[in-house]
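Atom set for the values below is all heavy atoms of this structure, side chains included, hydrogens, waters and symmetry mates excluded.
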Amino acid sequence: MKIYKYKINGNDYKVAVGDIENNIAQIEVNGVPYKVELEEKKAPTVKSVRPVAAPRTESGQKIISKPVVPTTASTIKSPLPGVIVDIKVKVGDTLKSDDVVVILEAMKMENDIHAGKSGVVKAINVNKGDSVLEGTDLVVIE
């Protein structure tokens, strides 16, 4: 028999827990015996997960994702965290490797971000005033 001592609202209680059979516990509180019916514990139900059918088009063909074909496009990444102060290019512009594409303010200094290779601007992934982290894709050139 386990004995516990409790103080509830300034009153002392001595609780002894006896045997438990068929969800009925023999409890004694300050010498007075009680039979306490415990809540039945139900075994957790396990649901089996069935695979879902692959999506299909209206004609019934399975939709299969195709592998990404590598392109000659490359991205100009932010070399350090900062704020985009100005964007010097537009989509479709032809660049030389030493052209400035973005001006990035970091640590109260403006940094010119150069293209790094010649090509044509395919996408601009940032806007003026955006905060960027190191490695963020700024401009896509091909």
Quiz: residues 134-141 side-chain donor-acceptor pairs under 3.5 angstrom, not counting sequence neighbours:
unit_1 : atom_1 : unit_2 : atom_2 : d
T136   : OG1    : L133   : N      : 3.2
T136   : OG1    : L133   : O      : 2.7
D137   : OD1    : T75    : OG1    : 3.4
D137   : OD1    : K77    : NZ     : 2.5

Value rounded to 0.5 Å, distance of [atom1] in [X] from [atom2] in [Y]:
{"X": "E110", "Y": "K108", "atom1": "CD", "atom2": "NZ", "value": "13.5 Å"}
{"X": "K117", "Y": "I76", "atom1": "NZ", "atom2": "CD1", "value": "9.5 Å"}
{"X": "I20", "Y": "E37", "atom1": "CD1", "atom2": "CD", "value": "12.5 Å"}
{"X": "S78", "Y": "N111", "atom1": "OG", "atom2": "CG", "value": "9.0 Å"}

Checklist entry - Between K2 and V15, is a side-chain contact (heavy atoms from CB on, under 4.5 Å) present by the stated rule, with each step listed? => result CA-CA 8 Å; K2 291 186 177 185; V15 179; over 6 Å; no
Checklist entry - Mind checking whether V83 and M109 sit in one hydrophobic cluster, side chains of I, L, V, M, F, W, Y counted as touching below 4.5 Å? => result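 Each belongs to a different hydrophobic cluster.
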Item to check | Connected via hydrophobic side-chain network under 4.5 Å: Y13 and V17 | outcome: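 Shared cluster, yes.
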Could you give the side-chain donor-acceptor pairs of residues 3-11 under 3.5 Å, partners two or more places apart or in another chain?
none

Pairs under 3.5 angstrom only: tabulate donor-acceptor contacts from the side chains of residues 84-104 to other protein residues two or more places apart or in another chain.
unit_1 : atom_1 : unit_2 : atom_2 : d
D86    : OD2    : K88    : NZ     : 3.1
D93    : OD2    : K90    : N      : 2.8
D99    : OD2    : K96    : N      : 2.8

Next on the checklist: Per the salt bridge (charged side-chain N to carboxylate O under 4.0 Å, His left out) rule, what does the pair list look like for residues 14-34, sequence neighbours excluded?
Outcome noted: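 Applying salt bridge (charged side-chain N to carboxylate O under 4.0 Å, His left out) to every pair that reaches into residues 14-34, excluding sequence neighbours, yields nothing.
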Item to check | K128: partners by side chain to side chain donor-acceptor pair (under 3.5 Å), with sequence neighbours left out | outcome: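 In terms of side chain to side chain donor-acceptor pair (under 3.5 Å), with neighbours along the sequence ignored, K128 is linked to no residue.
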